[in-house]
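Report on the following structure.
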Amino acid sequence: MTDGSIGDAGATGDADPTGIGLRDDLPIEQWYEAPARPKPIRDRWTKLARLRELGFEPYAYGWDSSHDLTAAREAWPGEGEGPTVRVAGRIESLRDMGKSAFLHLGDRNGRLQAYFKRQQLSERDAQLLDLLDLGDWIGVEGPLFETRTGEVTVRADRLTLLSKSLRPLPYGKVEVDETGERIVHSGFADTESRYRQRYADLAVNPEVREIFLVRARVIASLRRRLDESGFIEVETPILQPLYGGAFARPFTTHHNTLDRQLYLRIADELYLKRLIVGSLDRVYEIGKNFRNEGIDRTHNPEFTMLELYQAMADYETMMDLAESLVSETAKEIVGGNRIEWDGHTVDLSPPWERVTFFEAIERHAGFDARAADMTDLAERLQRAGRDDADSMNRTRLLDAVFSEWVEPELVDPTIIYDYPIEMSPLAKPKRGDPELAERFEVIVAGTELVNAFSELNDPLDQWKRFAEQARARAGGDAEAQGLDRDYVRALEYGLPPTGGLGLGIDRLVMLLTGKTTIREVILYPILREEEI
RNA sequence: GCGCCGCUAGCUCAACUGGUAGAGCAACUGACUCUUAAUCAGUAGGUUCGGGGUUCGAGUCCCUGGCGGCGCACCA
């Protein structure tokens with residue numbers, strides 16, 4: 001397979017050089033009526049032909065709605081016949097009873113029933129009604145009323161086909177019980193198909209649409225809050241000659257004209273701090289990072305981060321900012337700070353508990369990791385079943401200890417601060433304790449949500465830390481950072497005291513939507529190639 | 001990367017120890033003027049993920065490949 005794109009499904013150009021453009025060796029028209037197609041597809045193809053015969057345009061050019069479906073339902077005055085509305089939507093259910101028919105239209109966040117009385121329709125509209133299928137987009141015009149069973153409904157006096165659906169959507173049957181709760185029977189549930197055909201997932205599962213509406217509102221809310229606080233939004237390179245700002249392996253690519261190797265960024269950090277040097281004293285960027293690492297419930301190779309930098313601030317300012325950004329956003333988007341997540345109740349209201357890195361280990365693992373030597377750390381990890389411990393340096397050992405005993409215990413957001421300095425090559429040493437860095441992470445529900453520090457602004461110190469990284473890299477640590485000479489040059493001009501913060505947008509959305517898999521909050525999560 | 005589980009009709013799922021592959025929804029034909037998981041009668045729908053093997057006989061057992069899920073590792 002040279003091209004796995006879904007749009008080219010079934011092309012057989014490789015097998016038959018004269019067959020370019022054929023679909024499974026057939027001209028496209030014959031493909032739809034071939035016996036190999038499921039009957040619903042063949043039937044829809046026949047209906048499409050019939051519609052054309054009758055002079056209907058199956059793919060319209062536009063439509064003017066007077067209301068979306070939710071607004072239309074709300075426009076019903078409460079009794080009697082309401083105003084005439086023009087609405088559009090996709091047919092989600094269809095109940096034809098001969099002389100009359102009911103169907104439900106759906107749009108991005110609403111649903112409205114339409115009632116058709118054949119006697120009252122023009123002959124053409126009645127013909128059209130007979131050729132409709134689930135999944136078709138239609139427009140409807142008529143007055144609102146309430147059915148005997150109490151559902152606000154539009155009585156369709158006029159009907160317009162907007163787009164004919166040739167492929168049956170995997171609709172389940174929707175039952176609405178006495179409490180108004182939607183119960184979906186059967187439906188579209190196969191995880192793999194849902195991700196591969198996200199369009200069908202979104203079309204059929206309103207709760208999936210809701211996740212992405214929430215995601216959009218979360219991002220808009222963060223952006224508005226930062227804009228109002230005097231931050232300016234910027235864009236920095238994704239294609240970078242040197243990657244840095246985090247510990248991760250990059251994706252590598254190549255620019256032809258420049259004939260030069262480039263990397264997809266693993267973090268925005270170094271470019272953003274250069275802007276603070278340039279006197280843009282509050283900047284942020286919301287964008288994709290790319291890390292060439294494993295894939296699991298909390299990691300997708302491309303993911304979205306908010307990074308912000310504020311001059312004249314330190315990590316304590318960032319702690320306050322992290323608290324307010326997360327809790328205010330939660331209040332605004334989901335209406336509160338108590339969230340049910342993976343069987344826990346997570347309380348996002350500030351202030352969050354603040355514990356130092358070594359205190360946290362003391363508390364949850366029961367020993368003083370700062371005093372412990374490497375052998376001691378490795379032995380403890382080995383006893384806990386980590387057989388790779390003897391190959392780790394001290395940084396990795398401490399990190400392993402932290403993720404083994406501390407992280408899983410933290411449910412409510414917890415600020416873990418004062419990390420060992422060797423784990424934090426871009427952070428300032430802690431005042432009065434240079435073995436530690438002024439850095440914190442926010443751990444919520446067992447995973448890292450925020451990473452922040454007082455930014456290292458001493459160019460000499462930065463050079464030495466880079467050099468240390470370079471040594472670690474030479475010693476085989478594939479994730480150690482490269483030496484970025486231009487960044488040091490920038491620091492030499494003078495980086496004011498600066499606080500910086502990174503917040504994982506995907507994980508925040510997971511938290512606010514109750515999802516335990518990052519794939520559920522990314523529209524197109526990465527998957528292996530599909531054979532179509 | 002390793003381990004476990006899964007892949008059957010367009011969708012959701014059945015098929016005991018190997019013995020003719022089924023149901024509901026969707027579809028089609030017909031009936032029905034306020035239905036709503038509409039109902040009723042009938043019809044059609046399958047390369048059981050691909051390849052190989054064992055067997056008189058494989059959805060089922062074995063080998064191999066693909067894809068997915070979960071866990072572990074990795075990802076500070």
Side-chain angles (χ1 to χ4, degrees), chain A residues 1 35-44 46-47 92-104 111 113-120 133-135 145-151 153 155 166-177 182-197 200 204 246-249 266 291-301 303 357 385-388 392-403 407 416 419-420 422-425 437 439 441 447-448 451 477-481 516-517 519 525 527-532:
Chain A
M1 276 295 114
R37 276 340 110 229
K39 186 142 182 301
I41 289 186
R42 299 199 310 267
D43 290 338
R44 283 159 188 247
T46 306
K47 288 181 192 176
E92 292 185 347
S93 70
L94 181 54
R95 295 173 293 284
D96 191 340
M97 307 170 56
K99 294 205 170 71
S100 67
F102 289 87
L103 57 77
H104 273 102
R111 195 173 159 87
Q113 182 170 251
Y115 168 61
F116 294 83
K117 199 169 180 179
R118 275 201 165 71
Q119 235 175 13
Q120 280 186 354
D133 285 299
L134 258 47
F145 73 107
E146 191 179 57
T147 61
R148 232 175 256 164
T149 46
E151 179 163 355
T153 299
R155 193 191 72 222
L166 284 179
R167 185 180 284 273
L169 280 165
Y171 282 115
K173 285 242 166 181
V174 178
E175 176 186 13
V176 181
D177 70 11
R182 274 170 52 96
I183 302 167
V184 180
H185 301 266
S186 301
F188 188 45
D190 180 68
T191 318
E192 180 181 355
S193 309
R194 285 183 45 237
Y195 298 154
R196 289 199 193 280
Q197 299 193 56
V204 146
F247 294 124
R249 280 173 294 173
I266 59 171
R291 297 189 184 174
N292 208 338
E293 312 272 2
I295 300 166
D296 64 21
R297 282 210 338 251
T298 55
H299 298 267
N300 195 61
F303 62 101
F357 181 82
R386 294 282 297 256
D387 41 15
D388 52 344
M392 294 181 181
N393 57 30
R394 186 173 168 83
T395 303
R396 301 244 169 230
L397 285 168
L398 287 171
D399 189 54
V401 165
F402 187 80
S403 34
E407 266 190 5
I416 303 291
Y419 278 67
E422 64 270 22
M423 296 170 77
S424 318
R439 168 184 175 198
E441 287 191 1
T447 55
E448 173 192 341
N451 183 21
D477 187 344
E479 281 158 6
Q481 304 192 25
T516 54
T517 304
R519 296 185 199 97
L527 296 172
R528 285 176 210 276
E529 185 172 15
E530 171 187 30
E531 269 192 54
I532 303 177

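Just the heavy atoms: all of them, side chains too, but no hydrogens, waters or symmetry mates, feed the values below. Each chain gets a letter, A, B and so on, in the order the sequences are listed, and its residues count up from 1.
Taking the P atoms as reference points, B/A44 lies 13 Å from B/G22, given to the whole Å. B/G6 and B/C16 have their P atoms separated by 13 Å, with the value rounded to a whole Å. Rounded to whole Å, the separation between the P atoms of B/C62 and B/G45 comes to 33 Å. Taking the P atom of each, B/A58 and B/C49 are spaced 15 Å apart, rounded to whole Å. Separation of the C1' atoms belonging to B/C13 and B/A21 is 14 Å when rounded to the nearest angstrom. For B/C61 and B/U48, the C1' atoms lie 16 Å apart once the distance is rounded to whole Å. Taking the P atoms as reference points, B/G24 lies 39 Å from B/U54, given to the whole Å. Rounded to whole Å, the C1' atom of B/G53 lies 46 Å from the corresponding atom of B/A37.
One N or O on the side chain of A/Arg42 and one on the backbone of A/Arg37 form a donor-acceptor pair closer than 3.5 Å. Under the 3.5 Å distance criterion, the side-chain polar atoms of A/Glu407 are left unmatched by any main-chain donor or acceptor of A/Thr447. A donor-acceptor contact shorter than 3.5 Å is absent between the side chain of A/Arg291 and the backbone of A/Ala246.
The listed nucleotides are B/G69, B/U12, B/A26; the one nearest the side chain of A/Tyr195 is B/G69.
Separating the CZ atom of A/Arg95 from the P atom of B/C40 is a distance of 15 Å, rounded to the nearest angstrom. When rounded to the nearest whole Å, the span between CZ of A/Arg37 and C1' of B/A27 equals 16 Å. Atom-to-atom, CG of A/Asp133 to C1' of B/C11 comes out at 16 Å; the value is rounded to the nearest Å. What separates CZ of A/Arg297 from C1' of B/A73 is a distance of 15 Å, to the nearest Å. Taking atom CG of A/Asn292 as the reference point, atom P of B/G1 lies 13 Å away to the nearest angstrom. Atom-to-atom, CD of A/Glu175 to C1' of B/U35 comes out at 15 Å; the value is rounded to the nearest Å. One atom, CZ of A/Arg167, and another, C1' of B/C11, lie 13 Å apart when rounded to the nearest Å. Whole-Å rounding puts the A/Leu169 CG to B/U12 C1' distance at 15 Å.
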Worked verdict on A/Arg44 versus A/Leu134 for side chain to side chain contact (heavy atoms under 4.5 Å, CB included): CA-CA 10 Å; A/Arg44 283 159 188 247; A/Leu134 258 47; 4.2 Å; yes
Let me see the working for A/Lys117 and A/Lys99 under side chain to side chain contact (heavy atoms under 4.5 Å, CB included), right down to the final yes or no. CA-CA 6 Å; A/Lys117 199 169 180 179; A/Lys99 294 205 170 71; over 6 Å; no
Might you work through the side chain to side chain contact (heavy atoms under 4.5 Å, CB included) test for A/Ile295 and A/Arg519, ending with a clear yes or no? CA-CA 10 Å; A/Ile295 300 166; A/Arg519 296 185 199 97; 4.1 Å; yes
Evaluate the criterion side chain to side chain contact (heavy atoms under 4.5 Å, CB included) for residue pair A/Val174 and A/His104; output intermediate values, then yes/no. CA-CA 11 Å; A/Val174 178; A/His104 273 102; over 6 Å; no
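In this structure, A/Gly187 reaches the sugar-phosphate backbone alone: every heavy-atom distance under 4.0 Å involves primed, P, OP1 or OP2 atoms, never a base. Residue A/Leu527 is in sugar-phosphate contact alone, with no base atom involved, counting any heavy-atom pair closer than 4.0 Å across all strands shown. Within 4.0 Å (heavy atoms only), A/Thr517 reaches sugar-phosphate atoms of the nucleic acid but no base atom. Residue contacts shown for A/Arg396 are limited to sugar-phosphate atoms, with no base heavy atom under 4.0 Å away. Note on A/Glu441: nothing from the nucleic acid sits closer than 4.0 angstrom, heavy atoms only. Residue A/Phe303 is classed as having no contact, given no heavy-atom separation below 4.0 Å to the nucleic acid.
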Heteroatom pairs (N/O) under 3.5 angstrom, protein to nucleotides 31-33 of chain B:
| residue | atom | partner | partner atom | Å |
| --- | --- | --- | --- | --- |
| B/C32 | N4 | A/Gly98 | N | 3.2 |

Distances under 3.5 Å only, N/O to N/O: pair up the protein atoms with those of nucleotides 45-48 of chain B.
none

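Distance check: A/Arg297 CZ to A/Thr517 OG1 gives 6.0 Å after rounding to the nearest 0.5 Å. A distance of 6.0 Å separates CE in A/Met423 from CZ in A/Arg439, rounded to the nearest 0.5 Å.
In A/Arg95, the CZ atom is crowded: over 12 heavy atoms of neighbouring residues, nucleotides or ligands sit closer than 6.0 Å. No more than 12 heavy atoms of other residues, nucleotides or ligands shown are found within 6.0 angstrom of CZ on A/Arg167.
Evaluation of the side chain to side chain contact (heavy atoms under 4.5 Å, CB included) rule for A/Arg118 yields A/Asp96, A/Leu129, A/Asp130 as partners, not counting sequence neighbours. Under the rule for a side chain to side chain donor-acceptor pair (under 3.5 Å), A/Asn300 has no partner lying at least two apart in sequence or in another chain. Under the ring-ring contact (aromatic ring centres under 6.0 Å, His included) criterion, A/Tyr171 pairs with no residue at all, not counting sequence neighbours.
In this structure, A/Arg519 reaches the B/G69 phosphate: one of its side-chain N or O atoms is under 4.0 Å from OP1 or OP2. Between A/Arg528 and B/G68, a side-chain N or O to OP1/OP2 separation shorter than 4.0 Å is present. Phosphate contact (OP1/OP2 of B/C34, side-chain N/O of A/Arg148, threshold under 4.0 Å): absent. Checking the phosphate oxygens (OP1, OP2) of B/U35, no side-chain nitrogen or oxygen of A/Ser93 falls inside 4.0 Å. Applying the 4.0 Å criterion to OP1 and OP2 of B/C11, one finds that A/Lys173 has every side-chain N and O outside that range. A sub-4.0 Å separation between OP1 or OP2 of B/G68 and a side-chain N or O of A/Arg196 is present.
The aromatic rings of A/Tyr419 and A/Phe357 sit tilted, their planes meeting at an angle between 30° and 60°.
Between A/Ser424 and A/Asp43, the residue whose closest nucleotide on RNA chain B is further toward the 5' end is A/Asp43. Annotation: of the two residues near RNA chain B, A/Lys47 and A/Ile295, the 5′-most nearest-nucleotide partner is A/Lys47.
Contact annotation: side chain of A/Asp190 to base of B/C7, donor-acceptor pair absent below 3.5 Å. Taking 3.5 Å as the limit, the base of B/U35 and the side chain of A/Glu151 contain no donor-acceptor pair of atoms between them.
Among the duplex regions that RNA chain B forms, those built from at least three successive Watson-Crick or G-U pairs under 3.5 Å are B:1-7 with B:66-72, B:10-13 with B:22-25, B:27-31 with B:39-43, B:49-53 with B:61-65, ordered by first number.
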